[in-house]
Enquirer: 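The structure follows.
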Amino acid sequence: MTPRPSSSGSDPKKTTGKKTAKASKQAVAKKAVTKKAVAKKTVAKKTVAKQAVARKTVGTKTAAKKAAPREETRAAAPGAEVAVSPALDAGDRERLLTGTHHDPHAVLGAHRVPGGVAFRAFRPYALAVTVLSGELRLALHDDGDGFFSGLAPLEEVPVHRLLVTYEGTVQEVEDPYRFLPALGELDLHLIGEGRHEQLWRALGAHPTTHDGVAGTRFAVWAPNARGVRVAGGFNFWDGTGHPMRSLGSTGVWELFLPGVGAGELYKFEITRPDGSRTFRADPLARRTEVPPATSSVVHASHYTWGDEDWLAHRADVPAHEAPMSVYEVHLPSWRPGLTYRQLAEQLPAYVADLGFTHVELMPVAEHPFGGSWGYQVTGFYAPTARLGDPDDFKYLVDRLHRAGIGVLMDWVPAHFPRDDWALAEFDGRPLYEHSDPLRAAHPDWGTLEFDFGRREVRNFLVANAVYWCEEFHIDGLRVDAVASMLYLDYSREPGRWTPNEHGGRENLDAVAFLQEMNATLYRRVPGVVTVAEESTAWDGVTRATHHQGPSGFGGLGFGLKWNMGWMHDSLGYMSREPVHRKYHHGELTFSMVYAYSENYVLPISHDEVVHGKKSLVSKMPGDWWQQRANERAYLAYMWAHPGKQLLFMGQEFAQGAEWSEAHGPDWWLLDPEYGAAADHRGVRDLVRDLNTHYRATPALWRRDTHPSGFAWVVGDAAEDNVLAFLRLDADGTPLLAVSHFAPVVRPGYRLGVPEDVPAWHEVLNTDAARYGGGDVVTPDPVKPEAQGWHGHPASIRLTLPPLATVWLRPA
């Protein structure tokens, strides 16, 4: 346009060259014609340039023609579109900079726009970015704040890479924002419904090849987040340039990062609803850093299993009809300092030598505080890194299986700690925990309880149970703290809890979760067993979920339940001086009143030998000889009682000190150089023989859950501190167990027996000299007399050793 005339016409210097109006109009017209000609010339030059670029890309059309599937590939008619600026608008820039963009893939990467294809990159700290596609090299404009953009006159969106220049280095990389989501619609549908039984395959970090490019897919559930970014060693822990996209209404955020592989550390940087940010470990991380470090680790398993035989026959016999004696182990302290692989060289051999059928591992899922023994979990999908990586843990399980030993694992779905890098208010609001503070806060442990009524949380836990059994070949889960889950008023004072919809105190959400977990696990994993640590008289803990009981609830669906009542009563009895035991005889016999109400495990667990409760042998009264005799008699009584057995490490050789995770069992007690080593070895030899006879005697386990497998001989001999009973196989073959808990010898003690057994042979006597006893034994067969006794048609006379249990079988 022509310059505006000056408004100061009075100045002679400014009016010297003044034209007439007609002359002025002619000048303007002439100038306009000239400008139009210049414009035509410029357009012609640009057209030539475009054609040159197009010609340059023709030779590489085969590679470039592969348009990103998410983009439209329609061709634009020449001259039909007016080019637009490829730069991001202020709103998108702001959301990307503040970590609040829900769909960065919609604006970053390559997109069809009027005039061609716009390329946009967000590369903080980069000095320059160039797009590479075949022979095309497009230098992007630096738009500031790490944003780069450029427009190429292409008809289709090409597959491209980025050449990124930083200070001192140039990197050719894939553009993460050119890829479609690596999560399928079925995954998202199942996650939305809370029914993804292999959730760990969808969420978390997964090394994969996507559209022919190797990298890692990251996915996390964070429905309350305003934005999520991935930070890790691969981006110097600055997630600014790696925002994730939100996939529909599922609350799942996803990003495929090319070039990131196994071993990389990462966390999710979450922008909360209030705009603040928090770095969180991945709830579905399958590997973690060694505590106290808290990062998640990208993991890819390369383990090849060798336990096919074990798995093929694991389901042959139901657990409650098979022998099961369990050795409970705290892996970090069993042999302090050993890794999973080093433990695999020692633990299977030790357990097999003692004859246990299973080990039960105290929680191996990652936890920040070693003093919690693993019962406050932050990494529900990751074996603790203290002892090695997940493949190392698989190696340990594999070696146990190949030694013929089943593996149970403690599992903790009741609660989780409040660490601000883990699950607590994960995305800025209560998510895994209940939204009601009274329901969320666990009153005993300072932890948070899961919201079992939220389908995604229930899915997280159900899939976690499946994960351990499918991925690590775990044979069973012992579920911790079930009672705290079942009752809304558990450890809560009146006014500190809200009744359920029926006005009761049962946590209906937890009931539904446990039923779903058990039903899912038993359906998916043949031969698995679940065990409930449940300390109340809840009806139907081991009843099938579809069978309704008198309380109106279906069963919880567990395979077995810890018999906490038996444990409490029997230890109470044994801790008393023998002279007082006759007044507490019912503490030993009461268990048979309810022995068949559930499928039971008899647990002498870690909980009973810590925090001032003393070790098992130290609970016993009397001098050292009597303490060991009491423990031996008690163990043989326990092995003969209906139910499966569980014994915590260290108790098998009468360790006198309480267990401590800081140093583990006192193995030095077994050192031949130690003067009293024979005393401890004697108890361990008894445990070995108990297991040997137990496994060889179907009467002790085949009818564990049926009253026909048990018959009293005498249960009321309180004055004598004696109780005796028969265990019966399916064909009626008996084992006679006699326990005598007084420190005297009772010769000629008469006991009623069946008349169809011609003679009885003593197969085990805890007073035998080889166990450290006084060797009051009966080496010869004992023939019954025709005299009826204790309601039986015949009887035998035995010499009962002091503080001992004797087993006899038909000779």
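Basis for what follows: all heavy atoms, side chains included, without hydrogens, waters or symmetry-related copies. In this text, all values refer to a predicted model and were calculated from it rather than measured experimentally.
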Enquirer: Are any side-chain N or O atoms of D392 and backbone N or O atoms of D389, one a donor and one an acceptor, separated by less than 3.5 Å?
Expert: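 Side chain of D392 to backbone of D389: a pair is present.
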Enquirer: Using 30° and 60° as the class limits, which term best fits the ring planes of Y395 and Y303: parallel, tilted or perpendicular?
Expert: perpendicular
Enquirer: Is it true that D420 and R418 make a salt bridge, defined as a side-chain N closer than 4.0 Å to a carboxylate O?
Expert: no
Enquirer: Is a side-chain donor or acceptor of S276 paired with a backbone partner of R272 at a separation under 3.5 angstrom?
Expert: no
Enquirer: Can you tell me if E470 uses its side chain to pair, donor with acceptor, with the backbone of V525 under 3.5 Å?
Expert: no
Enquirer: Identify whether the distance between the nearest side-chain nitrogen and carboxylate oxygen of R201 and E471 falls below 4.0 Å.
Expert: yes
Enquirer: Does H401 have any side chain to side chain donor-acceptor pair (under 3.5 Å) partners at least two apart in sequence or in another chain, and if so, which?
Expert: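 D307, W310, D475.
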Enquirer: Assess whether a salt bridge exists between R399 and E345, defined as any Lys/Arg side-chain N lying under 4.0 Å from an Asp/Glu carboxylate O.
Expert: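 Salt bridge flag = yes for E345 with R399.
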Enquirer: For R335, give me all partners under salt bridge (charged side-chain N to carboxylate O under 4.0 Å, His left out), at least two apart in sequence or on another chain.
Expert: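 Checked R335 against salt bridge (charged side-chain N to carboxylate O under 4.0 Å, His left out); zero matches.
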Enquirer: With sequence neighbours left out, what residues match S660 under side-chain contact (heavy atoms from CB on, under 4.5 Å)?
Expert: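 Per chain and number, S660 pairs via side-chain contact (heavy atoms from CB on, under 4.5 Å) with A662, H663.
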Enquirer: Would you confirm whether the ring centroid of F416 sits within less than 6.0 angstrom of the ring centroid of H442?
Expert: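 So the answer is no for these two rings.
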Enquirer: What are the two closest heavy atoms between S333 and E661, and how far apart are they?
Expert: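 The answer is CB-O, 3.5 Å.
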Enquirer: For R523, is the CZ atom crowded, meaning more than 12 foreign heavy atoms sit under 6.0 Å from it?
Expert: yes
Enquirer: For this output row, return yes or no: ring centroids of W253 and F268 closer than 6.0 angstrom.
Expert: no
Enquirer: Dump the intermediate steps for salt bridge (charged side-chain N to carboxylate O under 4.0 Å, His left out) on E366 and R386, then the final yes or no.
Expert: CA-CA 9 Å; E366 193 59 271; R386 293 169 174 86; 2.8 Å; yes
Enquirer: Would you call R439-E449 a salt bridge at under 4.0 Å N-O?
Expert: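 Between E449 and R439 there is no salt bridge, as every charged N stays at least 4.0 Å from the carboxylate O atoms.
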Enquirer: Quick one: do K394 and D398 make a salt bridge, cutoff under 4.0 Å?
Expert: no
Enquirer: Name all residues meeting the side-chain contact (heavy atoms from CB on, under 4.5 Å) criterion together with E658; count only those two or more places apart in sequence or in a different chain, and write none if there are none.
Expert: none
Enquirer: Just by distance, with hydrogens left out, do E652 and Y327 show a side-chain donor and acceptor under 3.5 Å apart?
Expert: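 Yes - a donor-acceptor pair under 3.5 Å links their side chains.
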Enquirer: Between R217 and E254, is there a side-chain N and carboxylate O pair less than 4.0 Å apart?
Expert: no
Enquirer: I'd like to check the side-chain contact (heavy atoms from CB on, under 4.5 Å) partners of R195; sequence neighbours left out, ordered by chain and number.
Expert: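 Result, side-chain contact (heavy atoms from CB on, under 4.5 Å) vs R195: H189, L190, E193.
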Enquirer: Using the side-chain contact (heavy atoms from CB on, under 4.5 Å) criterion, which residues pair with D309? Sequence neighbours excluded.
Expert: none
